[in-house]
Amino acid sequence: MTLKLFRVGVAALALTAAAPAAMAADLVIGLRAGPDSIDPHWSTLGSQAEALRHVFDTLVDVDETLQLKPGLAVSWEPVDDTTWDFKLREGVKFHDGSDFTAEDAKFSIERIPAVTGPMPMTLYTKYVESVEVIDDYTLRVHTKGIAPALPNDFTRLFVVPSEIGMDARNEEFNSGEAAIGTGPYKFVSWQPKGDMVLSRNADYWGEAPAWDNVTRREIPDDAARVAALRSGQVDMINYVPASDVIAMENNSDVELFKADSIYILNIAPSVKDEEPQPIKVNGQEVDGNPLQDLRVRKAMDLAINRDVLVNVVLEGLGTPATQLMPEGFFGYSDKLEARPYDLEQAKALLTEAGYPDGFEIDFTCTNNRVPGDAVVCEALAQMWSRLGLTVNAQALNGTVFFPAAAREEYTMTMSAWGTLTGEAAYTYGALVHTKDAEKGFGNFNRTGYSNPEFDRVFGEGTQTLDEDARRGLYEEASVIAMEDRALIPTVILQSVWAAKSGLVDFLPRTDQETRAYAITPVE
C-alpha cells in the first residue's frame, strides 16, 4: 500500500461564501477520543499523544508521513555503537518562563519508568542504559547495546520540566499545576471525557499557531460527532464514519480530508498453556489450548474475507493487511503475499487439528477506538461462524478493554496498532518478541507467543547498524511471525476528517493525529 494524503474539495461557491468564518480566532474540534490523563508519560495510546503534544514537545518529531524531523533536539548522531548525542534547541522556554535545558530532557527520560500508567511508556526508553548531561544543550544517551532506532523511539519522548519532581502524578497534571510544557499551546483546563481547553503560547519557539484558543471536545459517539459538526457546535471532526462519507461528499457545506493510516486491526490469539477464558466443545472445556495449534490459527485466518471487510463492512475505507505494518515501512516484507480467503481449506485444517465441529471461543475487541473496530469485530465473528465456530464477540470501550488486556484476561482480542516510528523494531519488538523485561521487548505481547528463531533474527537486526542488513533481518523476522500467525492482521484503516466548508486548510496525517497547530484558516 502506498500511503496517500489528500483533500476532497467542494463547490467553489461554497468556499467563497464560507470564507469569512476563517477569520475566527478560536477552533473547536470534535474528537472520538481524548486523553486519559494530562500526564504525557501516562499512556502510549495515540489519542493521548495526539492531545498532549499540543502542550508538550518531543525530542524528535515526525512529519505527516512519519519522516523524522527536529523537535526539541535539532540534531542527533551516534558517537559509538552504544552512545548517541542529541544537540538541543537553544532559547526554548517552558510555559512558566523557565529555560529548557538538557537537565529537563534527562529528567523526562528517567521519569518514564517511574510512572505506572495503564500502558507503560517504557516502550520508548527500552534501549536507554543511562543519560548524561554534557552541557546545557547536549544530551548523551548510553544504550543497552546498539540502538539504531533510538531517534525513532524519541518521537514519543515528551519533555516536562525537571522542577516538577519525580513525585508529580495525575492530580498535579490534571489540575494544571504540573501541565507545563514547551508546546505551541498552554494548558487551560480539562474535563475527563469532555473538553480540553488550550490557549496559544505567544513565546513558542516554532511557527506560531493560527488559533488563539483551541477546544478539543471528546465526542465518542460517531452520530453525535457528525451532528455536532452539522449543527455548528464544532468546526471540525475526526473519524467520520463510513456511512456518512458519501453524503458529506455531496454536501457543499462540508469539506472532507482523507488519508491512508498506519493503523491495522490485528487479531491476537492467546497461545498460553491455559487460556484466560475457556474454549469449549459442546459446552465442555477442552483439554489444552486449541489456539496453540498453528493449523487452528491458519484456519481462522483463511476464513477471513478481507475484501468483504474493506468493501462492505468498512464501505471502502481500508485496505487488506498482510502484515503488521503498511507497505514501504522499514521491515515490510514483499515475500508476504495477500492473505487468501478459502473456507474449504480452513475447514479441512480445523478438522485435521481435531475440531471438525469447531469450538466456542470468546472474542473481545475495542469499540469506537478507531473507525470500524466494532463492526469489523462483529463481521469476523460471523465469518468464523461459517467455519463452525461459536464466537462470543463483545466490543468494549477502551477504558475497559486496555487495562484488562494488559492483565491478559482475554483469550482472543482485536485492536488497532500503528507503527508510529515507521520501522519494524517498534511493532515487532513490542507485540511479537518474547517478553523480556531486561531488554525491554514484548511489552505488549499479551498472547504468550514465543519463537526463539524470531527472537534471534529480530534481535540481530536491533544490533546491526548497517541499514541494508538491518532491513533484511527485520523482513525475515516479519515473515517468521506472520507465517506463524503470531498475530493475524486484517485491514489497514483509512481516516476521514470533516470541517465546515472553506474554514480550514489541513493536511491529513498517516498517524491519524489532529494537530490544531498544523491547521490554518483558509485565507
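The structure displayed is predicted, hence computed values, not measured ones. By convention here, the first residue in the shown sequence is residue 1.
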Say whether [X] and [Y], considering side chains only, have a donor N or O and an acceptor N or O under 3.5 Å apart.
| X | Y | value |
| --- | --- | --- |
| N170 | S37 | yes |
| D104 | S162 | yes |
| E275 | S270 | no |
| D96 | S98 | yes |
| T447 | N445 | yes |
| H41 | R111 | yes |
| Y239 | Q512 | yes |
| D57 | T182 | yes |
| T65 | D63 | yes |
| Y204 | Y517 | no |
| S415 | T366 | no |
| D362 | N392 | yes |

Please identify which of these residues, D26, L503, V214, meets the side-chain contact (heavy atoms from CB on, under 4.5 Å) condition with D235.
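Per the side-chain contact (heavy atoms from CB on, under 4.5 Å) rule, the option paired with D235 is L503, out of D26, L503, V214.
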Please determine which of V376, L487, D301, L380 meets the side-chain contact (heavy atoms from CB on, under 4.5 Å) test together with I267.
L380
Determine whether more than 12 heavy atoms belonging to other residues, nucleotides or ligands lie under 6.0 Å from atom CG of N250.
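More than 12 heavy atoms, drawn from other residues, nucleotides or ligands, come within 6.0 Å of this atom.
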Check whether more than 12 heavy atoms from other residues, nucleotides or ligands sit under 6.0 Å from atom NZ of K272, and answer yes or no.
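More than 12 heavy atoms, drawn from other residues, nucleotides or ligands, come within 6.0 Å of this atom.
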Looking at [Y] and [X], is there a salt bridge between them, counting it only when a charged N and a carboxylate O are closer than 4.0 Å?
| X | Y | result |
| --- | --- | --- |
| E249 | K258 | yes |
| R169 | D39 | no |
| K193 | E218 | yes |
| R217 | D195 | yes |
| D153 | K126 | yes |
| K435 | E408 | yes |

Could you check D61 against R515 for salt bridge (charged side-chain N to carboxylate O under 4.0 Å, His left out), going step by step and ending with a plain yes or no?
CA-CA 13 Å; D61 200 2; R515 300 186 179 187; 3.4 Å; yes
Ring centers of [X], [Y] separated by less than 6.0 Å:
| X | Y | answer |
| --- | --- | --- |
| F506 | W497 | yes |
| Y426 | W417 | yes |
| Y428 | F458 | no |
| Y410 | F401 | yes |

Would you indicate whether the side-chain heavy atoms of [Y] and [X] approach each other to under 4.5 Å?
| X | Y | result |
| --- | --- | --- |
| T155 | L68 | yes |
| R32 | P371 | yes |
| W205 | L72 | yes |

CA sep, side-chain torsions, deciding dist, call: T419, T427, side chain to side chain donor-acceptor pair (under 3.5 Å):
CA-CA 6 Å; T419 303; T427 288; 2.6 Å; yes
Side chain to side chain contact (heavy atoms under 4.5 Å, CB included), that's the test. Do L317 and V245 meet it? Break it down for me.
CA-CA 9 Å; L317 297 180; V245 169; 3.8 Å; yes
As a quick check of understanding, evaluate side chain to side chain contact (heavy atoms under 4.5 Å, CB included) for L229 and M248, giving each step before the final call.
CA-CA 11 Å; L229 178 67; M248 285 190 170; 4.3 Å; yes
Please give me the minimum heavy-atom distance between G502 and V522, naming the atom from each residue.
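Reported closest heavy-atom pair: O-CB, 3.3 Å.
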Any idea which heavy atoms bring A498 and V254 closest together, and the distance?
CB-CG1, 3.9 Å
I'd like to know whether E423 forms a side chain to side chain donor-acceptor pair (under 3.5 Å) with N152, so could you lay out the CA-CA distance, the side-chain angles of the two residues, the decisive distance to 0.1 Å, and finally the verdict.
CA-CA 8 Å; E423 47 80 45; N152 301 77; 4.9 Å; no
